[in-house]
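These notes are about the structure you will find just below.
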2 protein chains.
Amino acid sequence: MPIDLDRLPVDRGSGVSLWRQIAERIESEITTGAFPPSSQLPSESELTERFGVNRHTVRRALAVLAEKGLVRAVKGRGSFVEEAPLPYPIGRRVRFSENVMAAGRAPRGRLLGVATVVDAEPTRRLGLPPRTPLLRIEMVSSANGVPLSRSTSWFEKARFEGLEAELQRTGSVSRAFAAHGIADYARLETAISARPADPAEQDLLELPPGRAVLVVDAVNADAEGRPIQVQRTRFAADRVHLVVKS
Amino acid sequence: MPIDLDRLPVDRGSGVSLWRQIAERIESEITTGAFPPSSQLPSESELTERFGVNRHTVRRALAVLAEKGLVRAVKGRGSFVEEAPLPYPIGRRVRFSENVMAAGRAPRGRLLGVATVVDAEPTRRLGLPPRTPLLRIEMVSSANGVPLSRSTSWFEKARFEGLEAELQRTGSVSRAFAAHGIADYARLETAISARPADPAEQDLLELPPGRAVLVVDAVNADAEGRPIQVQRTRFAADRVHLVVKS
DNA sequence: AATCATTTGTCCGTATGTATT
DNA sequence: GAATACATACGGACAAATGAT
(Lines give C-alpha, C1' and ligand atoms only; values in the text may rest on other atoms or scores of the structure.)
Protein backbone atom coordinates (compact mmCIF):
# COMPACT_ATOMS: atom_id res chain seq x y z
CA MET A 1 0.00 0.00 0.00
CA PRO A 2 1.41 3.40 -0.99
CA ILE A 3 2.22 5.95 1.65
CA ASP A 4 -0.40 8.67 1.90
CA LEU A 5 1.78 11.78 1.96
CA ASP A 6 -1.12 13.93 3.07
CA ARG A 7 -1.41 11.87 6.22
CA LEU A 8 2.31 11.56 6.80
CA PRO A 9 2.79 13.12 10.19
CA VAL A 10 5.36 15.80 10.82
CA ASP A 11 8.79 14.53 11.85
CA ARG A 12 9.66 15.76 15.32
CA GLY A 13 13.31 15.83 16.26
CA SER A 14 14.46 15.51 12.67
CA GLY A 15 16.48 18.70 12.88
CA VAL A 16 13.97 20.47 10.65
CA SER A 17 11.53 22.68 12.48
CA LEU A 18 7.86 21.82 12.26
CA TRP A 19 6.84 25.10 10.65
CA ARG A 20 9.40 24.55 7.93
CA GLN A 21 8.21 20.99 7.26
CA ILE A 22 4.61 22.17 7.08
CA ALA A 23 5.46 25.10 4.82
CA GLU A 24 7.32 22.79 2.45
CA ARG A 25 4.47 20.29 2.38
CA ILE A 26 1.85 22.92 1.60
CA GLU A 27 4.14 24.50 -0.99
CA SER A 28 4.57 21.20 -2.78
CA GLU A 29 0.83 20.68 -2.74
CA ILE A 30 0.42 24.07 -4.36
CA THR A 31 3.04 23.47 -7.04
CA THR A 32 1.74 20.00 -7.83
CA GLY A 33 -1.73 21.41 -8.27
CA ALA A 34 -3.46 19.84 -5.28
CA PHE A 35 -4.34 23.41 -4.34
CA PRO A 36 -4.89 25.22 -7.65
CA PRO A 37 -4.43 28.99 -8.07
CA SER A 38 -7.08 31.16 -6.36
CA SER A 39 -8.45 28.15 -4.45
CA GLN A 40 -8.95 28.35 -0.72
CA LEU A 41 -6.60 26.54 1.61
CA PRO A 42 -7.97 24.56 4.55
CA SER A 43 -8.53 26.80 7.54
CA GLU A 44 -5.81 27.15 10.15
CA SER A 45 -7.76 24.94 12.55
CA GLU A 46 -8.16 22.22 9.91
CA LEU A 47 -4.43 22.33 9.18
CA THR A 48 -3.74 22.31 12.91
CA GLU A 49 -5.70 19.07 13.18
CA ARG A 50 -4.23 17.54 10.04
CA PHE A 51 -0.62 18.10 11.05
CA GLY A 52 -1.16 17.52 14.74
CA VAL A 53 0.53 20.76 15.81
CA ASN A 54 -0.42 24.00 17.46
CA ARG A 55 -2.18 26.69 15.53
CA HIS A 56 0.77 29.04 15.98
CA THR A 57 2.98 26.55 14.19
CA VAL A 58 0.58 26.38 11.25
CA ARG A 59 0.40 30.17 11.21
CA ARG A 60 4.16 30.43 11.03
CA ALA A 61 4.22 28.07 8.05
CA LEU A 62 1.50 30.08 6.32
CA ALA A 63 3.38 33.30 7.07
CA VAL A 64 6.40 31.91 5.25
CA LEU A 65 4.29 31.08 2.20
CA ALA A 66 2.65 34.50 2.32
CA GLU A 67 6.09 36.09 2.52
CA LYS A 68 7.08 34.19 -0.61
CA GLY A 69 3.94 35.44 -2.31
CA LEU A 70 2.46 31.96 -2.69
CA VAL A 71 -0.64 32.46 -0.56
CA ARG A 72 -2.68 35.41 0.64
CA ALA A 73 -4.55 35.49 3.95
CA VAL A 74 -7.78 37.47 4.26
CA LYS A 75 -9.06 38.16 7.74
CA GLY A 76 -12.41 36.55 8.36
CA ARG A 77 -12.35 34.51 5.16
CA GLY A 78 -9.30 32.30 4.92
CA SER A 79 -6.07 31.80 3.03
CA PHE A 80 -5.99 31.61 -0.75
CA VAL A 81 -3.48 30.39 -3.30
CA GLU A 82 -2.08 33.34 -5.26
CA GLU A 83 -2.28 33.27 -9.03
CA ALA A 84 1.01 33.04 -10.90
CA PRO A 85 2.34 36.52 -11.72
CA LEU A 86 0.59 37.91 -14.77
CA PRO A 87 2.96 38.72 -17.65
CA TYR A 88 2.19 42.31 -18.55
CA PRO A 89 3.64 43.51 -21.85
CA ILE A 90 5.23 46.96 -21.93
CA GLY A 91 5.17 47.71 -25.61
CA ARG A 92 3.86 50.47 -27.82
CA ARG A 93 0.31 49.31 -27.33
CA VAL A 94 -1.21 50.04 -23.95
CA ARG A 95 -4.46 48.22 -23.23
CA PHE A 96 -5.00 46.92 -19.74
CA SER A 97 -8.07 44.83 -20.59
CA GLU A 98 -6.42 43.23 -23.61
CA ASN A 99 -3.31 42.39 -21.64
CA VAL A 100 -5.26 40.77 -18.84
CA MET A 101 -7.56 38.85 -21.16
CA ALA A 102 -4.56 37.59 -23.13
CA ALA A 103 -3.47 35.88 -19.91
CA GLY A 104 -6.90 34.26 -19.63
CA ARG A 105 -8.14 36.36 -16.75
CA ALA A 106 -11.12 38.66 -16.34
CA PRO A 107 -10.20 42.37 -16.24
CA ARG A 108 -12.14 44.94 -14.28
CA GLY A 109 -11.64 48.63 -13.69
CA ARG A 110 -13.14 50.63 -10.87
CA LEU A 111 -13.22 54.41 -10.85
CA LEU A 112 -12.21 55.76 -7.45
CA GLY A 113 -12.50 59.45 -8.05
CA VAL A 114 -12.25 62.36 -10.43
CA ALA A 115 -10.96 65.84 -9.76
CA THR A 116 -10.10 68.96 -11.71
CA VAL A 117 -6.59 70.02 -10.83
CA VAL A 118 -3.76 72.29 -11.81
CA ASP A 119 -0.48 70.46 -11.56
CA ALA A 120 2.76 71.65 -13.12
CA GLU A 121 4.51 68.37 -13.78
CA PRO A 122 1.82 66.44 -15.72
CA THR A 123 0.95 69.65 -17.57
CA ARG A 124 4.53 69.97 -18.74
CA ARG A 125 4.65 66.34 -19.82
CA LEU A 126 1.41 66.76 -21.76
CA GLY A 127 3.03 69.66 -23.58
CA LEU A 128 0.35 72.09 -22.40
CA PRO A 129 0.74 75.70 -21.24
CA PRO A 130 1.28 76.09 -17.48
CA ARG A 131 -1.86 76.19 -15.32
CA THR A 132 -4.00 74.41 -17.91
CA PRO A 133 -6.83 72.70 -15.97
CA LEU A 134 -6.46 68.92 -15.98
CA LEU A 135 -8.77 66.03 -15.24
CA ARG A 136 -7.18 63.74 -12.69
CA ILE A 137 -8.61 60.24 -12.51
CA GLU A 138 -7.94 57.59 -9.89
CA MET A 139 -8.61 53.93 -10.67
CA VAL A 140 -8.08 50.43 -9.36
CA SER A 141 -7.85 47.58 -11.84
CA SER A 142 -8.16 43.90 -11.10
CA ALA A 143 -7.91 40.50 -12.78
CA ASN A 144 -10.19 37.70 -11.67
CA GLY A 145 -11.27 39.87 -8.76
CA VAL A 146 -7.71 40.27 -7.47
CA PRO A 147 -6.51 43.88 -7.47
CA LEU A 148 -3.56 44.30 -9.82
CA SER A 149 -2.90 47.99 -10.04
CA ARG A 150 -3.77 51.43 -8.85
CA SER A 151 -3.39 54.20 -11.34
CA THR A 152 -3.59 57.96 -11.55
CA SER A 153 -4.13 59.60 -14.93
CA TRP A 154 -4.07 63.19 -16.06
CA PHE A 155 -5.89 64.47 -19.16
CA GLU A 156 -6.48 67.91 -20.59
CA LYS A 157 -9.84 68.86 -19.14
CA ALA A 158 -11.01 70.93 -22.10
CA ARG A 159 -10.44 68.06 -24.50
CA PHE A 160 -11.83 65.23 -22.36
CA GLU A 161 -14.79 66.87 -20.67
CA GLY A 162 -17.16 64.13 -19.49
CA LEU A 163 -14.57 61.37 -19.79
CA GLU A 164 -15.37 60.21 -16.29
CA ALA A 165 -18.95 59.24 -17.18
CA GLU A 166 -17.72 56.76 -19.76
CA LEU A 167 -14.99 55.54 -17.43
CA GLN A 168 -17.51 55.04 -14.66
CA ARG A 169 -19.72 53.02 -17.01
CA THR A 170 -17.09 50.82 -18.66
CA GLY A 171 -14.16 50.90 -16.27
CA SER A 172 -11.90 51.06 -19.30
CA VAL A 173 -9.69 53.92 -20.41
CA SER A 174 -9.56 52.57 -23.96
CA ARG A 175 -13.36 52.61 -24.24
CA ALA A 176 -13.60 56.07 -22.72
CA PHE A 177 -11.04 57.27 -25.26
CA ALA A 178 -13.02 55.61 -28.06
CA ALA A 179 -16.10 57.57 -26.96
CA HIS A 180 -14.00 60.72 -27.38
CA GLY A 181 -13.02 59.83 -30.90
CA ILE A 182 -9.63 58.37 -30.12
CA ALA A 183 -9.43 54.95 -31.71
CA ASP A 184 -5.72 54.44 -31.35
CA TYR A 185 -3.12 55.53 -28.86
CA ALA A 186 0.36 54.41 -27.90
CA ARG A 187 3.12 54.70 -25.35
CA LEU A 188 5.53 57.58 -25.91
CA GLU A 189 7.89 57.03 -23.00
CA THR A 190 7.89 54.77 -19.98
CA ALA A 191 9.90 54.88 -16.76
CA ILE A 192 9.79 52.04 -14.27
CA SER A 193 10.69 52.20 -10.61
CA ALA A 194 9.72 50.41 -7.41
CA ARG A 195 9.24 51.10 -3.72
CA PRO A 196 7.44 49.64 -0.72
CA ALA A 197 3.66 50.04 -0.89
CA ASP A 198 2.32 52.85 1.29
CA PRO A 199 -0.61 52.15 3.65
CA ALA A 200 -3.24 53.42 1.20
CA GLU A 201 -1.86 51.14 -1.50
CA GLN A 202 -1.72 48.20 0.89
CA ASP A 203 -5.40 48.73 1.50
CA LEU A 204 -6.55 49.19 -2.09
CA LEU A 205 -4.35 46.44 -3.52
CA GLU A 206 -4.96 44.08 -0.58
CA LEU A 207 -1.24 43.79 0.07
CA PRO A 208 0.34 42.71 3.33
CA PRO A 209 2.61 45.40 4.81
CA GLY A 210 6.11 45.69 3.40
CA ARG A 211 5.42 44.42 -0.12
CA ALA A 212 6.65 46.35 -3.13
CA VAL A 213 4.81 48.17 -5.88
CA LEU A 214 6.11 48.57 -9.42
CA VAL A 215 5.63 52.16 -10.47
CA VAL A 216 5.15 52.59 -14.21
CA ASP A 217 5.21 56.17 -15.37
CA ALA A 218 4.03 56.66 -18.91
CA VAL A 219 3.01 59.30 -21.41
CA ASN A 220 0.55 58.07 -24.01
CA ALA A 221 -0.10 59.78 -27.30
CA ASP A 222 -2.80 59.73 -29.97
CA ALA A 223 -2.29 58.50 -33.53
CA GLU A 224 -0.66 61.83 -34.44
CA GLY A 225 1.88 61.47 -31.64
CA ARG A 226 0.37 64.23 -29.49
CA PRO A 227 0.46 63.42 -25.76
CA ILE A 228 -3.04 62.91 -24.41
CA GLN A 229 -2.53 61.05 -21.14
CA VAL A 230 0.03 61.04 -18.37
CA GLN A 231 -0.37 57.93 -16.30
CA ARG A 232 1.29 56.66 -13.13
CA THR A 233 0.39 53.04 -12.44
CA ARG A 234 1.36 51.19 -9.26
CA PHE A 235 1.26 47.44 -9.82
CA ALA A 236 1.23 44.96 -6.95
CA ALA A 237 4.73 43.66 -7.64
CA ASP A 238 3.87 40.13 -6.49
CA ARG A 239 1.11 39.78 -9.04
CA VAL A 240 2.69 40.95 -12.29
CA HIS A 241 5.93 40.95 -14.10
CA LEU A 242 6.49 43.47 -16.80
CA VAL A 243 7.67 42.02 -20.08
CA VAL A 244 9.68 44.25 -22.36
CA LYS A 245 10.00 43.33 -26.01
CA SER A 246 13.19 44.40 -27.70
CA MET B 1 19.68 92.85 6.71
CA PRO B 2 18.20 89.72 5.20
CA ILE B 3 17.05 86.90 7.45
CA ASP B 4 19.51 84.03 7.51
CA LEU B 5 17.23 81.03 7.02
CA ASP B 6 19.98 78.65 8.08
CA ARG B 7 20.08 80.27 11.46
CA LEU B 8 16.32 80.60 11.83
CA PRO B 9 15.58 78.66 14.99
CA VAL B 10 12.94 75.96 15.09
CA ASP B 11 9.47 77.13 16.03
CA ARG B 12 8.31 75.47 19.22
CA GLY B 13 4.59 75.28 19.84
CA SER B 14 3.75 76.13 16.25
CA GLY B 15 1.64 73.01 15.83
CA VAL B 16 4.33 71.45 13.65
CA SER B 17 6.54 68.97 15.42
CA LEU B 18 10.22 69.81 15.66
CA TRP B 19 11.36 66.73 13.74
CA ARG B 20 9.04 67.68 10.90
CA GLN B 21 10.32 71.25 10.79
CA ILE B 22 13.90 70.03 10.77
CA ALA B 23 13.18 67.42 8.10
CA GLU B 24 11.57 70.06 5.89
CA ARG B 25 14.45 72.48 6.38
CA ILE B 26 17.06 69.89 5.48
CA GLU B 27 14.98 68.71 2.54
CA SER B 28 14.74 72.22 1.15
CA GLU B 29 18.47 72.64 1.59
CA ILE B 30 18.97 69.49 -0.41
CA THR B 31 16.61 70.47 -3.21
CA THR B 32 18.01 74.00 -3.45
CA GLY B 33 21.48 72.58 -3.78
CA ALA B 34 22.98 73.72 -0.47
CA PHE B 35 23.73 70.04 0.07
CA PRO B 36 24.54 68.67 -3.39
CA PRO B 37 24.08 64.99 -4.34
CA SER B 38 26.55 62.58 -2.71
CA SER B 39 27.79 65.27 -0.30
CA GLN B 40 27.97 64.54 3.38
CA LEU B 41 25.43 66.10 5.73
CA PRO B 42 26.61 67.69 8.97
CA SER B 43 26.93 65.10 11.71
CA GLU B 44 23.99 64.47 14.00
CA SER B 45 25.69 66.33 16.82
CA GLU B 46 26.36 69.34 14.60
CA LEU B 47 22.71 69.40 13.55
CA THR B 48 21.71 68.98 17.19
CA GLU B 49 23.65 72.11 18.03
CA ARG B 50 22.49 74.08 15.03
CA PHE B 51 18.78 73.48 15.67
CA GLY B 52 19.06 73.53 19.44
CA VAL B 53 17.19 70.27 19.92
CA ASN B 54 17.94 66.84 21.26
CA ARG B 55 19.87 64.40 19.12
CA HIS B 56 16.84 62.05 19.04
CA THR B 57 14.84 64.79 17.34
CA VAL B 58 17.51 65.21 14.69
CA ARG B 59 17.65 61.46 14.22
CA ARG B 60 13.91 61.29 13.68
CA ALA B 61 14.14 64.00 11.02
CA LEU B 62 16.97 62.16 9.28
CA ALA B 63 15.01 58.91 9.47
CA VAL B 64 12.15 60.60 7.62
CA LEU B 65 14.51 61.75 4.89
CA ALA B 66 16.09 58.31 4.67
CA GLU B 67 12.62 56.77 4.40
CA LYS B 68 11.90 59.10 1.48
CA GLY B 69 15.16 58.01 -0.14
CA LEU B 70 16.69 61.48 0.05
CA VAL B 71 19.60 60.65 2.32
CA ARG B 72 21.52 57.54 3.21
CA ALA B 73 22.99 56.93 6.66
CA VAL B 74 26.16 54.86 6.83
CA LYS B 75 26.99 53.54 10.26
CA GLY B 76 30.22 55.05 11.57
CA ARG B 77 30.62 57.53 8.69
CA GLY B 78 27.66 59.84 8.52
CA SER B 79 24.65 60.70 6.37
CA PHE B 80 24.95 61.40 2.68
CA VAL B 81 22.67 63.01 0.11
CA GLU B 82 21.43 60.39 -2.33
CA GLU B 83 22.05 60.96 -6.01
CA ALA B 84 19.00 61.49 -8.21
CA PRO B 85 17.80 58.14 -9.57
CA LEU B 86 19.90 57.11 -12.54
CA PRO B 87 17.91 56.65 -15.74
CA TYR B 88 18.80 53.17 -16.94
CA PRO B 89 17.74 52.36 -20.52
CA ILE B 90 16.20 48.96 -21.16
CA GLY B 91 16.70 48.63 -24.89
CA ARG B 92 18.28 46.13 -27.22
CA ARG B 93 21.73 47.20 -26.21
CA VAL B 94 22.86 46.08 -22.79
CA ARG B 95 26.00 47.80 -21.48
CA PHE B 96 26.11 48.70 -17.82
CA SER B 97 29.21 50.86 -18.06
CA GLU B 98 27.92 52.80 -21.06
CA ASN B 99 24.60 53.42 -19.38
CA VAL B 100 26.20 54.72 -16.21
CA MET B 101 28.73 56.89 -18.02
CA ALA B 102 25.96 58.36 -20.16
CA ALA B 103 24.52 59.70 -16.91
CA GLY B 104 27.87 61.26 -16.06
CA ARG B 105 28.80 58.86 -13.31
CA ALA B 106 31.72 56.50 -12.83
CA PRO B 107 30.83 52.82 -13.26
CA ARG B 108 32.58 50.05 -11.39
CA GLY B 109 32.02 46.28 -11.29
CA ARG B 110 33.23 43.99 -8.56
CA LEU B 111 33.32 40.23 -8.95
CA LEU B 112 31.96 38.51 -5.85
CA GLY B 113 32.33 34.92 -6.84
CA VAL B 114 32.39 32.30 -9.54
CA ALA B 115 31.06 28.76 -9.40
CA THR B 116 30.48 25.88 -11.76
CA VAL B 117 26.89 24.75 -11.40
CA VAL B 118 24.20 22.59 -12.94
CA ASP B 119 20.88 24.40 -12.87
CA ALA B 120 17.87 23.39 -14.94
CA GLU B 121 16.19 26.76 -15.43
CA PRO B 122 19.05 28.86 -16.82
CA THR B 123 20.16 25.88 -18.90
CA ARG B 124 16.75 25.72 -20.51
CA ARG B 125 16.72 29.45 -21.19
CA LEU B 126 20.15 29.24 -22.76
CA GLY B 127 18.79 26.55 -25.06
CA LEU B 128 21.35 24.00 -23.86
CA PRO B 129 20.85 20.29 -23.16
CA PRO B 130 19.88 19.47 -19.56
CA ARG B 131 22.74 19.12 -17.07
CA THR B 132 25.16 21.18 -19.17
CA PRO B 133 27.75 22.67 -16.77
CA LEU B 134 27.35 26.41 -16.40
CA LEU B 135 29.52 29.21 -15.09
CA ARG B 136 27.62 31.22 -12.49
CA ILE B 137 29.00 34.65 -11.76
CA GLU B 138 28.00 36.99 -8.95
CA MET B 139 28.72 40.71 -9.24
CA VAL B 140 28.02 44.04 -7.62
CA SER B 141 28.03 47.16 -9.77
CA SER B 142 28.23 50.72 -8.59
CA ALA B 143 28.13 54.28 -9.88
CA ASN B 144 30.29 56.95 -8.22
CA GLY B 145 31.02 54.44 -5.49
CA VAL B 146 27.35 53.92 -4.63
CA PRO B 147 26.19 50.34 -5.17
CA LEU B 148 23.54 50.20 -7.87
CA SER B 149 22.92 46.58 -8.61
CA ARG B 150 23.69 43.03 -7.71
CA SER B 151 23.60 40.55 -10.55
CA THR B 152 23.87 36.84 -11.14
CA SER B 153 24.79 35.58 -14.61
CA TRP B 154 24.92 32.14 -16.13
CA PHE B 155 27.09 31.20 -19.11
CA GLU B 156 27.87 27.93 -20.85
CA LYS B 157 31.06 26.82 -19.12
CA ALA B 158 32.56 25.08 -22.15
CA ARG B 159 32.25 28.22 -24.26
CA PHE B 160 33.37 30.77 -21.68
CA GLU B 161 36.14 28.97 -19.85
CA GLY B 162 38.32 31.53 -18.11
CA LEU B 163 35.76 34.33 -18.41
CA GLU B 164 36.14 35.08 -14.73
CA ALA B 165 39.78 36.13 -15.08
CA GLU B 166 38.84 38.87 -17.50
CA LEU B 167 35.85 39.84 -15.37
CA GLN B 168 38.05 40.03 -12.29
CA ARG B 169 40.47 42.28 -14.13
CA THR B 170 38.04 44.67 -15.82
CA GLY B 171 34.85 44.35 -13.82
CA SER B 172 32.96 44.52 -17.08
CA VAL B 173 30.91 41.81 -18.76
CA SER B 174 31.17 43.55 -22.11
CA ARG B 175 34.96 43.54 -21.96
CA ALA B 176 35.08 39.92 -20.82
CA PHE B 177 32.82 39.02 -23.75
CA ALA B 178 35.09 40.96 -26.10
CA ALA B 179 38.05 38.90 -24.89
CA HIS B 180 36.05 35.82 -25.89
CA GLY B 181 35.48 37.10 -29.39
CA ILE B 182 32.00 38.48 -28.84
CA ALA B 183 31.96 42.05 -30.05
CA ASP B 184 28.21 42.52 -30.06
CA TYR B 185 25.38 41.16 -28.03
CA ALA B 186 21.80 42.20 -27.36
CA ARG B 187 18.76 41.64 -25.19
CA LEU B 188 16.47 38.84 -26.33
CA GLU B 189 13.78 39.08 -23.69
CA THR B 190 13.40 40.98 -20.46
CA ALA B 191 11.02 40.54 -17.53
CA ILE B 192 10.82 43.08 -14.73
CA SER B 193 9.50 42.52 -11.23
CA ALA B 194 10.10 43.93 -7.77
CA ARG B 195 10.18 42.82 -4.15
CA PRO B 196 11.60 43.91 -0.82
CA ALA B 197 15.37 43.52 -0.59
CA ASP B 198 16.48 40.48 1.39
CA PRO B 199 19.10 40.87 4.14
CA ALA B 200 22.02 39.88 1.90
CA GLU B 201 20.95 42.47 -0.67
CA GLN B 202 20.50 45.12 2.02
CA ASP B 203 24.09 44.47 2.99
CA LEU B 204 25.65 44.45 -0.48
CA LEU B 205 23.62 47.37 -1.80
CA GLU B 206 23.86 49.38 1.43
CA LEU B 207 20.09 49.59 1.66
CA PRO B 208 18.14 50.29 4.83
CA PRO B 209 15.73 47.44 5.69
CA GLY B 210 12.42 47.36 3.88
CA ARG B 211 13.49 49.01 0.64
CA ALA B 212 12.63 47.45 -2.71
CA VAL B 213 14.78 45.95 -5.42
CA LEU B 214 13.90 45.98 -9.10
CA VAL B 215 14.54 42.51 -10.50
CA VAL B 216 15.43 42.50 -14.17
CA ASP B 217 15.54 39.07 -15.73
CA ALA B 218 17.14 38.97 -19.15
CA VAL B 219 18.46 36.64 -21.80
CA ASN B 220 21.19 38.14 -23.94
CA ALA B 221 22.23 36.79 -27.31
CA ASP B 222 25.22 37.13 -29.61
CA ALA B 223 25.11 38.74 -33.05
CA GLU B 224 23.64 35.54 -34.52
CA GLY B 225 20.79 35.59 -32.01
CA ARG B 226 22.08 32.61 -30.02
CA PRO B 227 21.53 33.00 -26.25
CA ILE B 228 24.86 33.35 -24.46
CA GLN B 229 23.95 34.84 -21.10
CA VAL B 230 21.09 34.54 -18.65
CA GLN B 231 21.20 37.39 -16.20
CA ARG B 232 19.19 38.33 -13.14
CA THR B 233 19.96 41.84 -11.92
CA ARG B 234 18.63 43.33 -8.70
CA PHE B 235 18.77 47.12 -8.80
CA ALA B 236 18.44 49.25 -5.68
CA ALA B 237 15.05 50.63 -6.62
CA ASP B 238 15.73 54.01 -5.00
CA ARG B 239 18.78 54.62 -7.15
CA VAL B 240 17.58 53.84 -10.66
CA HIS B 241 14.55 54.07 -12.83
CA LEU B 242 14.34 51.87 -15.85
CA VAL B 243 13.53 53.68 -19.05
CA VAL B 244 11.82 51.72 -21.78
CA LYS B 245 11.93 53.04 -25.32
CA SER B 246 8.94 52.20 -27.50
C1' DA C 1 -31.53 44.70 11.19
C1' DA C 2 -29.56 41.73 14.34
C1' DT C 3 -27.29 37.56 15.62
C1' DC C 4 -24.14 33.80 15.13
C1' DA C 5 -20.53 30.67 13.51
C1' DT C 6 -16.25 30.79 11.11
C1' DT C 7 -11.83 32.47 10.26
C1' DT C 8 -7.68 35.21 10.62
C1' DG C 9 -4.94 38.60 13.65
C1' DT C 10 -2.89 39.77 18.05
C1' DC C 11 -1.80 39.39 22.58
C1' DC C 12 -0.80 37.24 27.08
C1' DG C 13 1.66 33.47 28.74
C1' DT C 14 4.80 28.68 29.72
C1' DA C 15 8.06 25.12 28.63
C1' DT C 16 11.89 23.19 26.12
C1' DG C 17 15.71 22.38 23.18
C1' DT C 18 19.93 24.45 21.10
C1' DA C 19 23.74 27.29 20.49
C1' DT C 20 26.93 30.67 22.41
C1' DT C 21 29.65 32.67 25.83
C1' DG D 1 29.88 22.90 33.48
C1' DA D 2 27.17 27.06 34.15
C1' DA D 3 24.95 31.02 32.57
C1' DT D 4 22.80 33.19 28.93
C1' DA D 5 20.30 34.11 24.87
C1' DC D 6 17.50 32.62 21.18
C1' DA D 7 14.39 29.95 18.42
C1' DT D 8 10.86 26.61 18.67
C1' DA D 9 6.45 24.76 20.15
C1' DC D 10 2.38 24.99 22.66
C1' DG D 11 -1.88 26.82 25.33
C1' DG D 12 -5.44 30.00 25.78
C1' DA D 13 -8.15 34.35 25.30
C1' DC D 14 -9.97 37.89 22.75
C1' DA D 15 -10.40 41.22 18.78
C1' DA D 16 -11.85 42.00 14.10
C1' DA D 17 -13.67 40.87 9.68
C1' DT D 18 -16.73 38.01 6.99
C1' DG D 19 -20.74 35.59 5.40
C1' DA D 20 -24.94 33.30 6.31
C1' DT D 21 -29.16 32.99 8.78
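Lettering follows sequence order; numbering is per chain, from 1.
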In terms of side-chain heavy atoms of [X], which of [options] is nearest?
{"X": "A:N54", "options": "D:dG11, C:dT7, D:dT8", "result": "D:dG11"}
{"X": "A:S43", "options": "D:dG19, C:dT8, D:dT8", "result": "C:dT8"}
{"X": "A:T57", "options": "D:dG11, D:dA9, C:dG9", "result": "D:dA9"}
{"X": "A:R59", "options": "D:dA9, C:dG9, D:dT8", "result": "C:dG9"}
{"X": "A:R55", "options": "D:dA17, C:dT10, D:dC10", "result": "C:dT10"}

Check your understanding: Of the non-hydrogen atoms in A:R105 and A:A143, which two are nearest, and what is the gap between them?
Key -> CB-CB, 4.1 Å
Whole Å only: how far is the [atom1] atom of [X] from the [atom2] atom of [N]?
{"X": "A:R77", "N": "C:dT8", "atom1": "CZ", "atom2": "P", "answer": "11 Å"}
{"X": "A:W19", "N": "D:dC6", "atom1": "CH2", "atom2": "P", "answer": "18 Å"}
{"X": "A:E44", "N": "D:dC10", "atom1": "CD", "atom2": "C1'", "answer": "15 Å"}
{"X": "A:H56", "N": "C:dG13", "atom1": "NE2", "atom2": "P", "answer": "13 Å"}
{"X": "A:R20", "N": "C:dG17", "atom1": "CZ", "atom2": "P", "answer": "21 Å"}
{"X": "A:L18", "N": "D:dG11", "atom1": "CG", "atom2": "P", "answer": "12 Å"}
{"X": "A:K75", "N": "C:dA5", "atom1": "NZ", "atom2": "P", "answer": "20 Å"}
{"X": "A:Q21", "N": "D:dA7", "atom1": "CD", "atom2": "C1'", "answer": "15 Å"}

Exercise for review: Measure the acute angle between the ring planes of A:F177 and A:F155, then classify it against the limits of 30° and 60° as parallel, tilted or perpendicular.
Suggested key: perpendicular
With distance as the sole test, does [X] use its side chain to make a donor-acceptor pair with the main-chain N or O of [Y] at under 3.5 Å?
{"X": "B:E27", "Y": "B:I22", "value": "no"}
{"X": "B:E49", "Y": "B:E46", "value": "no"}
{"X": "B:R239", "Y": "B:P147", "value": "yes"}

Review point. Distance only, no hydrogens: is a donor on one side chain within 3.5 Å (strictly under) of an acceptor on the other, for B:S43 and B:S45?
Key: yes
**Study point:** Stems involving DNA chain C, each a run of at least 3 consecutive Watson-Crick or G-U pairs under 3.5 Å
**Key:** C:2-21 with D:2-21
Review point. Below 4.0 angstrom, N of the basic side chain to O of the carboxylate: do B:D119 and B:R136 qualify?
Key: no
